[in-house]
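Report on the following structure.
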Amino acid sequence: MNTELEHVLEENFGFTHFREGQKEIILSVMKGRNVLAILPTGAGKTLCYHFPAKLLDGITIVVSPLLSLMEDQVHQMRASGEKAVVQLNGLLSFTEKEQVLSELHHRSIVFVSPEMLANDYLLKKLRHWKVGLFVVDEAHCISQWGHEFRTDYLRLSDARAALGEPPCLALTATATAEVEKDILGCLAMENAVVHRFSVNRPQIKYFIEECASEEEKQSRFREYITQVASPAIVYTGTRNDAVQLSNEIRETGISSTAYYHGGLAKEERLLIQRQFLHDELRVICATTAFGMGINKPDIRTVVHMHLPSSIEQYVQEVGRAGRDGKESAALLLYTKADRYRPLSFIEQEFLTEKELSALFRVLKGSGGTVAIKDIPAMLQLDETVWRMVMYYLEKAAAVKAGRIAAERLNEELLATLHEHFTKRRRQKQSLFLQLERLFTENSCIRSGILAYFGENQHTSPAFCCSACGFRFTDMPGFDPHPRPADESGKSNEITWQEELQHMLLPHKRGR
DNA sequence: CGGTAGAGTACTAGTACTCTACCGGTGCACTAGT
């Protein structure tokens, strides 16, 4: 069987051997087991479903969190010669979706968003096919986003059931024991095999520096930024900070810099990503919107100018550095005041008991007569918060035929929701406090991270982290003689619209 | 917490100031038709 697998690997993918972890995972999937695979970034997760998809009977559904990631994956698979791969998402018109559905092949790989799988019509259409494998890529999103931000992640087990309960493969780079339990539960993965590999990335060196004030933080950043090894990502807490820092970097003479956040136009985001991938940008200043699916092997530095929401989030973000295995730095600068922002995000995500009971009162009064889609505007309620409330109301059968069933909105349900939100709020606060503790208690960052993921045995690399006595300025890539001007010599005079036009219409390109 | 938009107040009658309340981060898919 094993030599046979290698034969298939060489025949179909051109590789002579599997990378660490791939073979075990593929073997479990081929046996029809439910599999959760926790593999570090850059370990070759795609092969773990691409390989079985070629051999298993039936189509393979791959749930992917971002449209850009989906497009990228489809593009890469097609470029590697895989023809039977398609995507189903909101970028397609109704007719295009119909066409995709009518042209499926019995071994097709279909990329979808979790939101698409919440669509009954689409599910009905997909049920005409035998589904051989149900894959959830970046499965930590279930835990990170599913409960509040993108509740359709929580509906994936319903979709899987509707598709005849095919074996499920969940893939992620980071999962604590708790997240593992959450993923297995949310996807209803009975008797799953868990393949867990170490999250340790010896090539990444951690540097945490507390600053007495915001001014000190900014000045230290200015001191460092011209000297850090690039390409580099600078994570900021707000969109505004991303813009401002990018401008400041430009003032230091590095013109190949840009900012990136969720408020930018899709085309602009796409262009900046491509420029960064093609080494046209040395430094990207970005919010958490940037990074998932960024497959750039040589990112040398990741700077955090704010405190992420959890250790998991931090590990995901710094994990984008050093995929080529070469030494890379993760630098985080913070002040004591930085804790209030992540904590306030958590606060505003959930309704308080008072707000919840006010909402119930209004819904009881008018809910039965008002269409659900009009309620958030009517109550001036945040769309995301409303969607989360709706998810839990639906679960409690308080929604019938697009209307709120007022009679279900009793004290008991109110108490249940309140209890649930309180629990989730506490969980999120606790995740943040664990991150804060990791950075402030001055013990080895790497050991702290590994212990957080349940790994207690590891050997620290000789050059480990700031708590082990190393300074950021000791990094081999750190240049003690800053370059006054941008060595790339590229001018940023071309606007992104022009650049995009050039990319899409290469024949018009004058170079 | 820190920044800022917007309201309120003061004499300069439109500009300058103070005060207060609020916001800050991640993404998908949304009309018809089956």
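Below, read A as the first sequence line, B as the second, and so on, with proteins coming before strands; counting in each chain starts at 1. Keep in mind that this is a model prediction, so the values were computed, not measured.
Below 30°, between 30° and 60°, or above 60°: for Tyr259(A) and His261(A) the angle between ring planes is below 30°, a parallel geometry. Aromatic ring orientation, Tyr224(A) versus Phe472(A): perpendicular (interplanar angle above 60°, classes split at 30° and 60°).
In this structure, the CG atom of Asp137(A) is 14 Å from the P atom of dC28(B), given to the nearest Å. The nearest whole Å value for the distance from the CZ atom in Arg155(A) to the P atom in dC28(B) is 17 Å. Atom CD of Glu138(A) and atom P of dG27(B) are 13 Å apart (whole Å). Atom pair Asp382(A):CG and dT26(B):P shows a separation of 14 Å (rounding to whole Å applied). For Glu383(A) and dG25(B), the CD to P distance is 18 Å, given to the nearest whole Å. The nearest whole Å value for the distance from the CD atom in Glu148(A) to the P atom in dG25(B) is 18 Å. Atom pair Lys124(A):NZ and dG33(B):P shows a separation of 14 Å (rounding to whole Å applied). Following rounding to the nearest Å, Lys217(A) (NZ) and dG2(B) (P) show an atom-to-atom distance of 11 Å.
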Under 3.5 Å, which donor-acceptor pairs link side chains of residues 239-247 of chain A to any protein atom two or more places apart or in another chain?
| residue | atom | partner | partner atom | Å |
| --- | --- | --- | --- | --- |
| Asp241(A) | OD1 | Thr238(A) | OG1 | 3.4 |
| Asp241(A) | OD2 | Thr238(A) | OG1 | 3.3 |
| Asn247(A) | ND2 | Val243(A) | O | 3.4 |

Would you mind writing out the side-chain donor-acceptor pairs for residues 108-120 of chain A within the sub-3.5 Å range, not counting sequence neighbours?
| residue | atom | partner | partner atom | Å |
| --- | --- | --- | --- | --- |
| Ser108(A) | OG | His105(A) | N | 2.7 |
| Ser108(A) | OG | His105(A) | O | 3.0 |
| Ser113(A) | OG | Met116(A) | N | 3.2 |
| Glu115(A) | OE1 | Arg150(A) | NH2 | 2.9 |
| Glu115(A) | OE2 | Arg150(A) | NE | 2.9 |
| Glu115(A) | OE2 | Arg150(A) | NH2 | 3.3 |
| Asn119(A) | OD1 | Tyr121(A) | N | 2.9 |
| Asn119(A) | OD1 | Leu122(A) | N | 3.2 |

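Base contact: Thr384(A) has a heavy atom under 4.0 Å from a base atom. In this structure, Arg269(A) reaches the sugar-phosphate backbone alone: every heavy-atom distance under 4.0 Å involves primed, P, OP1 or OP2 atoms, never a base. Contacts of Gln348(A) with the nucleic acid, taken as non-hydrogen atoms under 4.0 Å apart, include base atoms. Nucleic acid contact class of Pro65(A) (heavy atoms, under 4.0 Å, all strands): sugar-phosphate only.
Taking atom P on both dT4(B) and dG25(B), the two are 13 Å apart, rounded to the nearest angstrom. Taking the P atom of each, dC30(B) and dT26(B) are spaced 23 Å apart, rounded to whole Å. Going from the P atom of dT12(B) to that of dG8(B) covers 23 Å, rounded to whole Å. Using P as the reference atom, dA7(B) and dA29(B) are 38 Å apart when rounded to the nearest Å.
Glycosidic conformation of dC30(B) is syn; the angle stays within 90° of 0.
Side-chain atoms of His278(A) come within 3.5 Å of backbone N or O of Arg274(A) as a donor-acceptor pair. Counting only distance, with no hydrogens or angles, the side chain of Ser256(A) and the backbone of Leu281(A) share no donor-acceptor pair below 3.5 Å.
At least one cation-pi condition fails for Lys217(A) and Tyr334(A): the charged atom is not both under 6.0 angstrom from the six-membered ring centre and inside a 45 degree cone around its axis.
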Name the pairs: protein N/O against N/O of nucleotides 29-32 of chain B, kept only if under 3.5 Å.
| residue | atom | partner | partner atom | Å |
| --- | --- | --- | --- | --- |
| dA29(B) | OP1 | Gly90(A) | N | 3.0 |
| dA29(B) | OP1 | Ser113(A) | OG | 2.8 |
| dA29(B) | OP2 | Gly90(A) | N | 3.1 |

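When each of Asn240(A) and Glu215(A) is assigned the nucleotide of DNA chain B bearing its nearest heavy atom, the one mapping closer to the 5' terminus is Glu215(A). Both Lys428(A) and Gln244(A) sit near DNA chain B, but only Gln244(A) has its closest nucleotide nearer the 5' end.
Going from atom OG1 of Thr352(A) over to atom CD of Glu347(A) covers 9.0 Å, rounded to the nearest 0.5 Å. Atom-to-atom distance recorded for Leu307(A):CG and Leu332(A):CG is 6.0 Å, nearest 0.5 angstrom.
Of the residues listed (Tyr235(A), Tyr206(A), Phe221(A)), the one engaging His304(A) in a ring-ring contact (aromatic ring centres under 6.0 Å, His included) is Tyr235(A), and it is the only one.
dT26(B) has Phe149(A) stacked on its base ring, the centres lying under 5.5 angstrom apart and the planes within 30 degrees of parallel.
A salt bridge does not link Asp158(A) with Arg155(A): every distance from a Lys NZ or Arg NE/NH1/NH2 to an Asp or Glu carboxylate oxygen is 4.0 Å or more.
A heavy atom lying under 4.0 Å from DNA chain B marks the following residues of residues 336-347 of chain A, by number: Ala337(A), Tyr340(A), Arg341(A), Ser344(A), Phe345(A).
Consecutive Watson-Crick or G-U pairs involving DNA chain B, each under 3.5 Å on both distances, make up stems of three or more pairs at B:1-11 with B:14-24.
No side-chain donor from either of Gln99(A) and Ser102(A) sits under 3.5 Å from a side-chain acceptor of the other.
For residues 164-177 of chain A, every residue pair satisfying the side-chain hydrogen bond (donor to acceptor under 3.5 Å, both in side chains) rule, not counting sequence neighbours, is listed here: His140(A)-Thr172(A), Thr174(A)-Gln316(A).
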